[in-house]
Enquirer: 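Provided herewith is a single structure, encoded as structure tokens, for subsequent inquiry.
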Amino acid sequence: MGRMEELPEYAERVLEVTELIPPGRVMTYGDVAEWLDEGGPRQVGRVMALYGGGVPWWRVVRADGTLLPGHELSALAQYRAEGTPLRPAARSSEGHVPRIDMKHARWDGGEGAVEGNGPGDDSAHI
């Protein structure tokens with residue numbers, strides 16, 4: 001795989017989680033940090049900004065479902081292609097860009113997750 005030079009270990013782990021998210025589903029920056037049990041939303045966002053171009057970056061999103069500023073149209077094309085649940089834009093929103101329907105699109109690492117890659121026993125998440 002033609003990854004750039006050696007990535008920091010945390011960055012590698014963030015990108016691995018990103019690649020697990022099924023098409024049409026999303027995780028928040030905070031969800032990824034929680035899954036890894038390390039860092040927080042800002043650290044995950046930084047990794048995505050620096051290294052996320054080679055993974056499905058559009059599947060890691062803000063908790064409120066708003067699209068990444070400057071990347072709305074490319075993200076929207078991906079969401080439409082993958083059937084990601086979207087909510088209509090609020091009339092007040094700039095450019096009337098839809099938001100992700102977080103209630104239906106958010107992925108908890110459950111169905112479709114690769115065995116042995118979760119934060120352990122599911123009961124810990126209740």
Side-chain angles (χ1 to χ4, degrees):
M1 308 271 277
R3 286 250 196 249
M4 295 179 279
E5 289 124 53
E6 275 300 297
L7 289 180
E9 193 226 342
Y10 184 71
E12 284 276 5
R13 292 172 60 214
V14 167
L15 298 179
E16 283 170 13
V17 173
T18 303
E19 290 177 326
L20 295 176
I21 304 169
R25 305 300 297 275
V26 298
M27 286 178 100
T28 68
Y29 295 106
D31 291 342
V32 173
E34 194 177 308
W35 173 294
L36 293 172
D37 208 18
E38 185 183 349
R42 287 180 188 276
Q43 287 83 357
V44 171
R46 179 131 178 86
V47 168
M48 294 307 292
L50 292 173
Y51 309 110
V55 297
W57 54 267
W58 57 90
R59 296 182 194 152
V60 181
V61 300
R62 296 172 165 191
D64 66 0
T66 57
L67 306 191
L68 191 61
H71 299 279
E72 298 94 341
L73 296 179
S74 51
L76 205 49
Q78 296 291 350
Y79 299 138
R80 289 192 167 133
E82 293 183 355
T84 307
L86 298 170
R87 295 175 56 192
R91 276 183 211 178
S92 60
S93 76
E94 207 176 311
H96 303 290
V97 176
R99 291 193 325 185
I100 296 161
D101 183 342
M102 294 303 288
K103 186 174 175 193
H104 296 104
R106 197 168 191 176
W107 186 63
D108 64 3
E111 90 268 5
V114 177
E115 285 299 313
N117 268 336
D121 179 348
D122 280 354
S123 62
H125 282 265
I126 296 173

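Throughout, residue positions are numbered sequentially from 1 according to the sequence presented.
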Enquirer: Is there a donor-acceptor pair under 3.5 Å between the side chain of Arg25 and the backbone N or O of Ala105?
Expert: yes
Enquirer: Might you work through the side chain to side chain contact (heavy atoms under 4.5 Å, CB included) test for His71 and Leu67, ending with a clear yes or no?
Expert: CA-CA 7 Å; His71 299 279; Leu67 306 191; over 6 Å; no
Enquirer: Hey, could you give me the CG/CE distance between Asp64 and Met102, rounded to the nearest 0.5 Å?
Expert: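 Answer rounded to 0.5 Å: 8.0 Å.
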Enquirer: What distance separates Asp101 CG from Arg106 CZ, expressed to the nearest 0.5 Å?
Expert: 12.0 Å
Enquirer: Go through the steps to decide whether Arg59 and Trp107 satisfy the test side chain to side chain contact (heavy atoms under 4.5 Å, CB included), and finish with yes or no.
Expert: CA-CA 10 Å; Arg59 296 182 194 152; Trp107 186 63; over 6 Å; no
Enquirer: Is the shortest side-chain heavy-atom distance between Leu76 and Leu86 below 4.5 Å?
Expert: yes
Enquirer: Is the backbone of Glu38 close enough, under 3.5 Å, to the side chain of Tyr10 for a donor and an acceptor to pair up by distance?
Expert: yes
Enquirer: Compare every heavy atom of Glu82 with every heavy atom of Pro23, then report the nearest pair and how far apart it is.
Expert: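 That closest heavy-atom pairing would be CA-OE1, 3.5 Å.
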Enquirer: Which pair of non-hydrogen atoms, one from Pro41 and one from Gly30, has the smallest distance, and what is that distance?
Expert: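 Scanning both residues completely, I find the closest heavy atoms to be CG-CA, 3.8 Å.
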Enquirer: Kindly say whether Ala75 contributes a backbone atom to a donor-acceptor pair with the side chain of Gln78 at under 3.5 angstrom?
Expert: no
Enquirer: Does the pair Ile100 and Arg62 meet the rule for a side chain to side chain contact (heavy atoms under 4.5 Å, CB included), with working shown?
Expert: CA-CA 9 Å; Ile100 296 161; Arg62 296 172 165 191; over 6 Å; no
Enquirer: Assigning hydrophobic clusters by single linkage (Ile, Leu, Val, Met, Phe, Trp, Tyr; side-chain heavy-atom cutoff under 4.5 Å), is Leu50 placed with Leu68?
Expert: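 In one cluster with Leu50: Leu68, yes.
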Enquirer: Give, for atom CG of Leu15 and atom CZ of Arg13, the distance between the pair rounded to the nearest 0.5 Å.
Expert: 11.5 Å
Enquirer: Taking Gly70's backbone N and O only, do any of them form a donor-acceptor pair with Glu72's side chain (distance below 3.5 Å, no angle check)?
Expert: yes
Enquirer: To the closest 0.5 Å, what do you measure between CH2 (Trp58) and OG1 (Thr18)?
Expert: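 The OG1 atom of Thr18 is 10.5 Å from CH2 of Trp58, to the nearest 0.5 Å.
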Enquirer: If you count every heavy atom of other residues, nucleotides or ligands that lies below 6.0 Å from Arg46 atom CZ, does the total exceed 12?
Expert: no
Enquirer: Got Trp35 and Leu20 here, is their nearest side-chain heavy-atom distance under 4.5 Å?
Expert: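 The answer is yes; the side chains approach within 4.5 Å.
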